[in-house]
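Atom set for the values below is all heavy atoms of this structure, side chains included, hydrogens, waters and symmetry mates excluded. Below, chain A is the first sequence line, B the second, and so on; all start at residue 1.
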Number of protein chains: 2
Amino acid sequence: MEQILPHLDSVFSIDCVLFGFDGKELKILLIERNEEPFKDWWALPGNIVGPDESLDQSAARILYELTGLRGIYMEQYYAFGDPNRHPQGRVITLAYYALIRLGGDKELRPISTYAKRANWLPITDLPKLAFDHQKIYDKGLEKIKRRIKHQPIAFELLPEKFTLTQLQHVYELVLGKKLDKRNFRKKIVSFGVLKELDEKQKGVSYRAATLYRFDKRKYAKLFGKEISF
Amino acid sequence: MEQILPHLDSVFSIDCVLFGFDGKELKILLIERNEEPFKDWWALPGNIVGPDESLDQSAARILYELTGLRGIYMEQYYAFGDPNRHPQGRVITLAYYALIRLGGDKELRPISTYAKRANWLPITDLPKLAFDHQKIYDKGLEKIKRRIKHQPIAFELLPEKFTLTQLQHVYELVLGKKLDKRNFRKKIVSFGVLKELDEKQKGVSYRAATLYRFDKRKYAKLFGKEISF
DNA sequence: TTACTTAGTGTAAAAAATACACACTATATT
DNA sequence: AATATAGTGTGTATTTTTTACACTAAGTAA
């Protein structure tokens with residue numbers, strides 16, 4: 001019902017749950033707030049949707065402003081609108097998640113002033129979060145758990161070239177359980193979305209593993225058939 | 001980012017895709033608009049979120065106001081926020097779906113004045129819809145297609161007592177394909193969420209089928225294990 | 001009683017998922 | 001040069017799940 005457009009005191013925002021993987025741990029990006037309410041608390045990065053932005057554009061902008069990153073696979077997953085979720089008024093927020101490979105070269109750009117600092121914190125040891133952000137995070141984790149079983153989002157967490165062991169490691173962290181090495185390899189290879197490279201891992205003090213690359217073209221063909229891990 | 005609460009000219013609404021099943025066809029509830037823009041067009045029923053409502057409450061209220069129905073399984077599934085989706089201003093809308101058993105006793109209550117009339121129209125033959133409502137509907141259908149494979153939402157479309165053939169019929173309509181009768185029955189019974197009744201179908205001019213009831217208690221136990229059709 | 005219409009049932013074959021253990025290889029250490 | 005170390009990489013047998021497929025049983029209507 002949209003023919004009446006009253007002037008309402010409500011605000012619409014986007015909050016992002018950025019999952020990052022540094023090769024070892026799964027982390028999320030949090031900011032330490034510099035203003036009331038919840039001054040000094042950790043919170044999810046978020047911002048208000050601009051008047052001329054689509055939702056996806058807005059989410060992309062917010063991610064960019066906070067991290068300097070572009071071109072990240074990102075998706076909305078739930079709207080949170082409890083009337084009391086924000087102590088200062090009605091704020092409906094749409095949650096997005098993104099998956100990011102951390103480490104090495106790419107550092108987080110300095111971010112806007114509403115935060116003291118931003119940090120990647122391991123999901124195994126999160127602080128108390130501002131607002132209802134714990135709930136938003138919980139639902140986000142749940143979401144990617146489901147999604148990783150059917151869509152190739154795991155590759156977003158890995159460098160372009162990766163070993164099968166690293167890939168399995170990501171699955172184990174997200175799903176929160178051990179997987180059988182032989183079965184995992186059999187299955188993931190059988191989907192035919194991996195390209196085996198002639199290259200080997202470098203700098204390890206044991207047998208070097210073969211490197212693989214995710215083959216987007218093959219995946220595009222496969223779409224429709226859902227894959228499942 | 002929520003510490004600043006500017007006064008914005010944006011409106012937040014909810015639109016509902018109500019899927020109804022009358023025993024034969026899958027239908028959705030549409031209203032014929034009585035006001036500009038899109039006067040005389042068919043549109044999804046929707047409304048603006050009230051200042052003191054949670055999103056789910058708001059959706060429930062809207063459904064109630066438009067149909068008189070309560071206690072319906074209903075879930076948000078996507079937010080649409082293209083800046084140009086509404087010709088008169090910025091309207092971000094959150095889409096919900098609901099599944100409803102049609103027919104017999106329960107009639108739609110007269111609804112508010114912004115619509116000339118409301119009608120259940122078969123999804124196989126929909127008119128052009130106002131705004132981006134075709135997109136909203138498409139995404140909703142996609143959503144329940146996925147969901148019906150894993151969660152027992154099909155039962156919401158059926159009367160309390162139903163036959164296995166009716167249940168299969170619902171699956172076929174939603175999924176848009178034929179299913180094998182024996183395999184379907186084998187599978188659905190194996191989940192153990194159906195209770196076979198001592199009763200038979202009445203008023204048919206052929207062999208009467210056994211009636212079943214969905215057993216919510218058994219389903220609750222089973223939750224966690226996803227079921228799949 | 002017969003014709004009609006839908007209900008209800010089983011099995012074999014193929015495909016997918018699971019469980020499981022050891023030899024290989026590159027490097028570091030002595 | 002020999003050895004220890006740590007992770008790589010592979011195959012098979014078993015179980016479970018999925019698929020394909022066709023006839024008899026029961027009730028109603030004429």
Measure from [atom1] on [X] to [atom2] on [N] and round the result to the nearest Å.
X: A:K202; N: C:dA26; atom1: NZ; atom2: P; answer: 13 Å
X: B:E196; N: C:dG8; atom1: CD; atom2: C1'; answer: 11 Å
X: B:L179; N: D:dT18; atom1: CG; atom2: P; answer: 13 Å
X: B:F162; N: C:dA7; atom1: CZ; atom2: P; answer: 14 Å
X: B:I188; N: C:dT9; atom1: CD1; atom2: P; answer: 15 Å
X: B:D180; N: C:dG10; atom1: CG; atom2: C1'; answer: 12 Å
X: B:R182; N: D:dT24; atom1: CZ; atom2: C1'; answer: 12 Å
X: B:F184; N: C:dG8; atom1: CZ; atom2: P; answer: 13 Å

So how far off straight is the helix from C:dT1-D:dA30 to C:dT30-D:dA1, going by the axes through five pairs at either end, to 10°? 10°

Give me, pair by pair, the N or O atoms of the protein and of nucleotides 1-7 of chain D that are less than 3.5 Å apart, along with how far apart they are.
none

Output all residues satisfying side chain to side chain donor-acceptor pair (under 3.5 Å) with [X], sequence neighbours left out; order by chain, then residue number.
X: B:E199; value: B:K161
X: A:S205; value: none
X: B:D180; value: B:N183
X: B:E156; value: none

Run the side chain to side chain contact (heavy atoms under 4.5 Å, CB included) test against [X] and tell me which residues pass, sequence neighbours left out.
X: A:A59; value: A:I14, A:M74, A:Y96
X: A:Y78; value: A:F80, A:K139, B:Q76
X: A:I123; value: A:L26, A:I28, A:Y137

Tell me whether the side-chain N/O atoms of B:T210 come closer than 4.0 Å to OP1 or OP2 in C:dG8. yes

Side-chain donor or acceptor of B:E172 paired with backbone N/O of B:L179 under 3.5 Å: yes

Non-neighbouring partners of B:E75 that pass salt bridge (charged side-chain N to carboxylate O under 4.0 Å, His left out), sequence neighbours left out: B:R147

Salt bridge (charged side-chain N to carboxylate O under 4.0 Å, His left out) involving A:D22 - partner list, sequence neighbours excluded: A:K27

In Å, rounded to the nearest 0.5 Å, how long is the span from NZ of B:K177 to OH of B:Y171? 12.5 Å

Could you write out each protein N or O paired with an N or O of nucleotides 13-17 of chain D at a distance under 3.5 Å?
none

Any idea which of C:dC20, D:dC21, D:dT8 is nearest the A:R185 side chain? D:dT8

